[in-house]
Amino acid sequence: MLDPKLLRSDLELVARQLGRRGYTLDTAGLAALEEQRKEIQTRAQNLQAERNARAKAVGQAKAKGEDIAPLLAQSEALGAQLTQAEAELNALQSRIEHAHLQIPNIPDDSVPDGQSDADNVEVRRWGTPRQFDFPVRDHVALGEGFNPANAALDFERAAKLSGARFSVMRGQLARMHRALIQFMLDTHTGEHGYQEVYVPYLVGPQALRGTGQLPKFEEDLFKLRGERELYLIPTAEVPVTNLVTDEIVDAAQLPIRWACHTPCFRSEAGSHGRDIRGLIRQHQFEKVEMVQLVKPEDSMAALEELTGHAEKILQKLGLPYRVVALCAGDMGFSSCKTYDIEVWVPSQETYREISSCSNFRDFQARRMQARYKDAQMKKPELLHTLNGSGLAVGRTLVAILENYQNADGTVTVPEALRPWMGGLTCIG
RNA sequence: GGAGAGGUGGCAGAGUGGUCGAUUGCAUCGGUCUUGAAAACCGACGGCUCCGCGAGGGGCCCGUGAGUUCGAAUCUCACCCUCUCCGCCA
């Protein structure tokens with residue numbers, strides 16, 4: 001959510017900045033709502049003040065033992081007027097709030113112009129894609145080939161259980177999948193200063209509103225049927241960031257860095273036909289997420305740092321990648337600046353997204369009412385939130401299988417991962 | 001699932017219809033004292049928001065939402081959450 005004060009005071013500036021996203025702000029509509037609000041709120045509050053004054057007078061009269069009947073008679077008409085005015089005000093305020101919740105974050109000045117992923121700007125590359133002297137197999141062929149009768153990567157069995165976009169893994173492949181999670185978590189906690197957290201995988205709508213998935217993107221989520229309104233998390237960002245909802249954090253505790261492994265569940269509505277084959281786009285996948293809560297002045301530096309933490313995983317695994325600055329039109333709803341990290345996928349001869357690192361500034365914090373304070377500050381202030389994948393586990397597995405494949409269909413285990421694989425050097 | 005207790009400011013904990021947004025303690029901040037610190041003493045100290053250039057003046061908030069009342073932290077109802085005991089269970 002943007003600062004309501006800003007939306008009141010400089011609507012045209014906001015509209016211009018949001019225009020870079022390709023978003024059209026309804027300035028006339030918002031201004032009209034605001035004008036009504038002012039009028040009705042003043043009226044309602046005047047009536048409330050009058051009610052309070054009269055109630056107080058009754059109390060004082062009664063204490064002195066005076067007759068209160070005349071005072072009560074005076075107040076008769078007030079009640080209905082007040083009820084009416086309060087109802088109008090409530091209705092209007094919820095309309096305004098609803099409108100504000102639909103507005104995306106303002107892109108940072110450093111974000112490149114552009115409308116789609118074609119306009120994203122490559123920031124740097126690391127590593128050199130390997131030259132193969134044999135026909136390259138994709139990860140599906142490799143995984144299914146490990147043991148054709150009982151494939152290590154088995155989409156058919158998964159489909160039998162759950163339909164398309166699910167997977168079953170077995171044996172050494174399943175172990176590597178698990179090893180990656182441990183490796184990533186251990187790296188972030190051991191070398192990058194993150195604290196590991198464990199969180200619920202089912203959350204209520206208020207948490208999803210806090211990070212910005214609701215109210216606008218409900219169709220991307222899996223929602224449980226039942227009495228309780230619960231959703232499967234689409235990313236650990238939701239439960240982890242929302243840990244500070246309604247809290248005032250002691251400034252001495254900042255920056256807070258949390259790393260968390262969770263499964264992620266996405267309906268992938270609207271991506272029919274894309275990435276049908278393989279592990280790239282699944283309804284359920286594992287991810288290790290990094291979340292940072294920082295002081296406002298530190299958030300841009302923290303974004304660079306956090307992106308570096310994600311890159312470090314790829315460097316240790318020896319996987320070539322590039323970092324891309326998303327253009328204004330390609331960024332997520334809540335973000336003011338995003339770097340995508342894309343890993344080299346040999347079978348597709350292209351870089352594919354494996355991490356997305358974003359600074360949200362105070363956009364999520366305002367929705368969550370997440371603030372911080374130190375002794376010198378008069379009032380608590382909104383903190384800044386950031387997050388990034390570190391990394392998407394399924395896609396990392398894809399990258400390892402394909403980049404480390406051998407001519408005989410086996411896959412070499414990256415050296416950095418071997419301690420988590422019981423020393424295995426090769427699988428398949 | 002059954003029975004009971006409870007949700008108040010950063011924390012602890014008073015307050016059961018009326019000048020209560022709330023006594024008090026701890027913590028925090030400023031000051032006095034001190035070579036420095038501690039102790040002691042003095043003072044300050046919730047959040048959100050509206051109108052106003054400002055001085056200042058209002059409104060809302062005692063888990064959440066409805067209700068009763070001239071007036072609700074206090075009464076009624078529903079819901080959420082926490083704790084204790086019993087049952088069940090990984």
Side-chain angles (χ1 to χ4, degrees), chain A residues 1-10 30-101 198-210 214 224 226-231 239 242-254 256 293 362 364-383:
Chain A
M1 198 155 65
L2 298 177
D3 186 353
K5 283 186 195 127
L6 185 63
L7 289 168
R8 249 176 258 147
S9 61
D10 211 343
L30 286 171
L33 281 176
E34 178 54 24
E35 207 171 307
Q36 286 179 54
R37 194 220 92 236
K38 227 173 194 175
E39 190 259 310
I40 293 175
Q41 183 162 350
T42 305
R43 184 149 48 85
Q45 293 190 348
N46 285 342
L47 288 167
Q48 286 171 331
E50 198 174 332
R51 176 205 56 196
N52 293 345
R54 289 187 181 181
K56 199 173 247 185
V58 172
Q60 286 169 337
K62 215 174 172 183
K64 289 184 209 152
E66 293 167 7
D67 181 19
I68 59 170
L71 286 170
L72 296 189
Q74 270 179 25
S75 308
E76 259 173 44
L78 195 63
Q81 278 182 49
L82 182 59
T83 308
Q84 156 95 24
E86 281 177 337
E88 275 180 54
L89 182 61
N90 282 341
L92 194 62
Q93 276 178 330
S94 63
R95 276 178 68 192
I96 291 172
E97 194 196 358
H98 183 76
H100 285 184
L101 285 172
Y198 171 83
V199 294
Y201 303 156
L202 297 172
V203 296
Q206 76 294 337
L208 289 152
R209 206 171 299 124
L214 289 180
L224 263 60
E227 284 162 42
R228 292 230 254 156
E229 198 177 358
L230 289 171
Y231 297 80
N242 274 285
L243 287 172
V244 288
T245 292
D246 285 327
E247 301 212 2
I248 299 174
V249 179
D250 182 351
Q253 295 186 349
L254 300 176
I256 292 173
L293 308 171
D362 59 13
Q364 295 179 326
R366 185 170 294 108
R367 288 169 163 244
M368 298 188 297
Q369 276 307 300
R371 294 167 297 173
Y372 77 101
K373 189 176 189 299
D374 67 29
Q376 272 67 49
M377 293 163 66
K378 280 216 162 71
K379 293 187 166 196
E381 282 178 31
L382 294 170
L383 42 76

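In what follows, chains carry the letters A, B, and so on, assigned in the order in which the sequence lines appear, proteins first and then strands, with residues in each chain numbered from 1. These numbers come from the heavy atoms of this one structure, side chains and all, not from hydrogens, waters or symmetry mates. These numbers were taken from a predicted model, which means no experiment stands behind them.
The same atom, P, is picked in U23(B) and in G15(B); the two are 14 Å apart, to the nearest Å. With both ends at atom C1', the span from G57(B) to G52(B) equals 9 Å, rounded to whole Å. Spacing between U28(B) and U82(B) at atom P, rounded to whole Å, works out to 31 Å. Straight-line distance between the P atoms of U68(B) and C77(B): roughly 15 Å, to the nearest whole Å. A73(B) and G59(B) have their P atoms separated by 14 Å, given to the nearest Å. A gap of 15 Å separates the P atoms of G71(B) and G18(B), to the nearest Å. G6(B) and C75(B): their P atoms are spaced 11 Å apart (whole Å).
Between atom NZ of residue K38(A) and atom CG of residue L92(A) there is a gap of 13.5 Å, rounded to the nearest 0.5 Å.
G56(B) is paired with C51(B) under the Watson-Crick or G-U wobble criterion, all donor-acceptor distances under 3.5 Å.
Here the range on RNA chain B touched by chain A, meaning any atom under 4.0 Å from one of its heavy atoms, is G18(B) to C81(B).
Salt-bridge annotation for R37(A) and E34(A): present, with a side-chain N of the basic residue lying under 4.0 Å from a carboxylate O of the acidic one.
Annotation: side-chain hydrogen bond (donor to acceptor under 3.5 Å, both in side chains) contacts of Q45(A) (sequence neighbours excluded): none. Take D3(A) and apply the side chain to side chain contact (heavy atoms under 4.5 Å, CB included) test, not counting sequence neighbours, and it matches K5(A), L6(A), R366(A).
A donor-acceptor pair under 3.5 Å links the side-chain atoms of R367(A) to the main chain of L101(A), judged by distance alone.
Nearest-nucleotide positions on RNA chain B for K62(A) and Q369(A) put K62(A) closer to the 5' end. When the nearest nucleotides of RNA chain B are assigned to A49(A) and R37(A) by heavy-atom distance, the more 5′-ward of the two goes with R37(A).
At least one side-chain heavy atom of E86(A) sits under 4.5 Å from a side-chain heavy atom of Q48(A).
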